[in-house]
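For reference, the structure discussed in these notes is given below.
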There are 2 protein chains.
Amino acid sequence: MKAKIADIAKIAGLSVASVSRILNGRGRYSEETAKRVRQIADDIGYYKNRSASDLARQSNNTFGVVYTNSETHFSEPLIKGIMGQAATDKLDVIIMIGKRDDEQGLTKIVQDMIERRVFGLLFLSIQPSQSIIDILNHANIRALVVGSATEHDVSYISSDDFQIGYQATQFLIDKGYQRIGLAGMDVQRDYVGLQRYQGYRQALKEANMKAAEGLVHSGNFSYHSGITAATYYTNEQSVDAVIGASDEVSLGLLNGFHDLGVQVPKQVGLISIDGTELCEQSRPKMTSVTQNFQLMGTRAVREFMALEDSHNKIETVTIPFEIETRNTTKQD
Amino acid sequence: MKAKIADIAKIAGLSVASVSRILNGRGRYSEETAKRVRQIADDIGYYKNRSASDLARQSNNTFGVVYTNSETHFSEPLIKGIMGQAATDKLDVIIMIGKRDDEQGLTKIVQDMIERRVFGLLFLSIQPSQSIIDILNHANIRALVVGSATEHDVSYISSDDFQIGYQATQFLIDKGYQRIGLAGMDVQRDYVGLQRYQGYRQALKEANMKAAEGLVHSGNFSYHSGITAATYYTNEQSVDAVIGASDEVSLGLLNGFHDLGVQVPKQVGLISIDGTELCEQSRPKMTSVTQNFQLMGTRAVREFMALEDSHNKIETVTIPFEIETRNTTKQD
DNA sequence: CTGAAAGCGCTTACAG
DNA sequence: CTGAAAGCGCTTACAG
């Protein structure tokens, strides 16, 4: 039988109410008896029953994060930022993991989170469908997509993907590259892909370069997408340089080119998007558009907190990125 | 105001008890009214309040997993195995993330899990201290370390680390390597490190080779450990081949050697321990002792289930591994 | 500073 | 097949 407040109360010769107040540091009580109560609680191994507490309080201070740890690598800094800020804000976070493109599984997770009455839900590396967003709205639970933009009706915290596409391309053009490929994402159906693609086109246009359709190779942000893109660019469509949609894609490109005897950066330049540790752990190290994922995580929970009182909608937040030159692009 | 059972009951003209039974599929009721009730629940957007439910049932079916996503890479398949099995067993899992070697943070997480009254706790990539284990025992919550062995008083599911050390060494000896290094873990203070080291010594001994102390280079399973080990083996202690304590260590070794102009496998052989996707994503691809992490995850939750009734202690389980030859060792 | 009491939303014997 | 009632362990006005 687990210890409960009543047990403490009996031993201390106090009422349940008083013990509750003391344990929660709420209301008035003498520090003297408080000490005794805490001692007793410790002695009998008391742990608050969260279900009872949450039920009585009719609220709780935990928020949920759902993410998928597949394909992409940037969840780590995101989580780090989130956990850090949650800790300083005395928030609890429970995490659940979903599979990408598993609508049913994701729905189950979301329902679970609703049953737990989390006060907010963060989506990492996942784009919730509109139907899931509707469920959340209906249940009156704030949702926030962090790490990537989305076309659906939720707020998000991410980099400016148009600018990422634009500046990555610009960077390559400035280096003197002519035929610039874009690989590893679906530039038609994926919202992020589309934004970046438009930035890419804009940069090319401003440089009076044509954006040959063949230069874009589709994919799903995975290592494997990079591998197949490398084959494509080697056998079917030559390029001077390519922009990889994620670090995984870029590593795939790097390895794929390597396996085909194409030298990077001597024969083809490469710039990656994300800038996680993978860029430092490849040889050659990869030049990248580095996103500030940790800051996104931090901001995400701050936004939630700011909303505690005001019932405004969460604003969409854009986090700055930077380009880090490493060894997969021409030195100048 | 969130919908509750009473609301449904009123609309349906039933008692709260009946609605509860229907929604949980417990007890007898007519399928006819059941249909009506479910419809109403759906219409008004009802979601069970888990706190109330768990409190009333005095139990719940969620277990917790705590892990750290740092340094090491094998949490992915582990989680995959866990989630898969949890889904088929209709179990809920909540995840919390801790930092390695953050005793205080870990304690907080464990307390949180106790407050939530999880019926079991899995530790991934983390070795809980004895004091944390004591807390858990005291709170009467089953704990299980998965992915690595531990000297503390908890059950665990892992590979046989002595055998890993032994067979990796044996493999290298069979290939004709003479001076065999062991890098990336603390073979004195880390339990896993110690086991593997003993296997390593045993294999050398059986081959009548001496285990020069200088061949072992300490570390913490990280990429960085690999980098420094490569420098060490290049400048201070020559080796024919080295065993990397994890894929991260091995990648560090590979890159470190590369940066120093040492060729793998031409000048030095390398075998990694873990066998995650990293081994396929490096160039050359890394030969590895491949552990079956996904199976460990699956088994972990199965063990929990098996214990539902019987109150036996969880047995320690050993999962088989295999050696996969790739390109960082001599071809024969 | 402390206690009695109501209530949070659900579940579960028990009785019918 | 259905309902009235007690109870899960805590919190929180309210009264003193």
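The sequence lines fix the lettering, A, B, ..., with proteins before strands; numbering per chain opens at 1. All values below come from the heavy atoms of this structure, side chains included, with hydrogens, waters and symmetry mates left out.
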- Item | Atom pair CD/CZ of Q85(A) and F304(A) - distance to nearest 0.5 Å | 12.5 Å
- For S30(B), report the nucleic acid contact type (base, sugar-phosphate, nothing); a contact means any heavy atom under 4.0 Å. sugar-phosphate
- Partner of F123(A) by side chain to side chain contact (heavy atoms under 4.5 Å, CB included), out of V110(A), V146(A), T150(A), L144(A): V110(A)
- Task: Can you tell me the distance, in whole Å, between the NZ atom of K10(B) and the P atom of dG9(C)?
- Result: 12 Å
- Pair pattern of DNA chain C in dot-bracket, where unpaired bases get dots and | marks partners in another strand, Watson-Crick or G-U under 3.5 angstrom: |||.||||||||.|||
- Note on the structure: note: Y29(B), atom OH; dT12(C), atom C1'; distance rounded to Å ~ 16 Å
- Rounded to the Å, how far apart are N60(B) CG and dG9(C) P? 20 Å
- Query: dG9(D) P sits how many Å from K2(A) NZ, rounded?
  - Reply: 11 Å
- Atom CG of L23(B) and atom OH of Y46(B): how far apart are they, to the nearest 0.5 Å? 6.0 Å
- Message: Does a side-chain N or O of S15(B) approach OP1 or OP2 of dA4(D) to a distance below 4.0 Å, or not?
- Response: no
- Item | Given dG3(D), dG9(D), dT11(C), the nucleotide with the shortest approach to the side chain of K4(A) | dG9(D)
- Ordered by number, residues from residues 36-57 of chain A within less than 4.0 Å of DNA chain C (heavy atoms) are L55(A), A56(A)
- Check the distance between dT11(D)'s P and I22(A)'s CD1 and give it to me in whole angstrom. 12 Å
- Task: Write down the distance separating the P atoms in dA6(C) and dT2(C), rounded off to the nearest Å.
- Result: 23 Å
- Task: Examine dT11(D): is either OP1 or OP2 under 4.0 Å from a nitrogen or oxygen in the side chain of S20(A)? Give yes or no.
- Result: yes
- Query: If you measure only the distance, is there a donor-acceptor pair under 3.5 Å linking the side chains of T68(A) and S125(A)?
  - Reply: no
- Note on the structure: Of the listed dC1(C), dC10(C), dT11(D), the closest approach to the I5(B) side chain comes from dC10(C)
- Query: Is any side-chain nitrogen or oxygen of Q58(A) closer than 4.0 Å to OP1 or OP2 of dG9(C)?
  - Reply: yes
- Is a side-chain donor-acceptor pair under 3.5 Å present for S159(B) with Q291(B)? yes
- Length of the line joining N24(A):CG and dT12(D):P, which is rounded to integer Å: 7 Å
- Figure out the CD1/P separation between I8(A) and dT11(D), and round it to whole Å. 11 Å
- Could you name each residue pair satisfying salt bridge (charged side-chain N to carboxylate O under 4.0 Å, His left out) that touches residues 43-54 of chain A, not counting sequence neighbours? R50(A)-D92(A), R50(A)-D112(B), R50(A)-E115(B), D54(A)-R57(A)
- Is there a donor in the side chain of S129(B) and an acceptor in the side chain of E103(B), or the other way round, less than 3.5 Å apart? yes
- Message: To the nearest 0.5 Å, what is the distance between CD1 on I97(B) and CD1 on I79(A)?
- Response: 4.0 Å
- Message: If the cut-off is 4.0 Å, is T33(B) near the phosphate of dC1(D), judged by side-chain N/O to OP1 or OP2?
- Response: no
- Message: Show every salt bridge (charged side-chain N to carboxylate O under 4.0 Å, His left out) that has at least one partner inside residues 32-41 of chain B, sequence neighbours left out.
- Response: E31(B)-R38(B)
- Heavy-atom side-chain proximity of L124(A) to V65(A) below 4.5 angstrom: yes
- Could you tell me which residues satisfy salt bridge (charged side-chain N to carboxylate O under 4.0 Å, His left out) with R28(A), sequence neighbours excluded, listed by chain and number? none
Taking only N/O atoms, report every protein-nucleotides 13-16 of chain C pair under 3.5 Å with atom names and distance.
none

- Note on the structure: Rounded to whole Å, the CZ-P distance (R26(A) to dT2(C)) equals 17 Å
- Message: Less than 4.0 angstrom from a charged side-chain N to a carboxylate O is my criterion; do E303(A) and R299(A) meet it?
- Response: yes
- Could you pick out which residue, L23(A) or G27(B), lies toward the 5' side of DNA chain D when each is mapped onto its nearest nucleotide? G27(B)
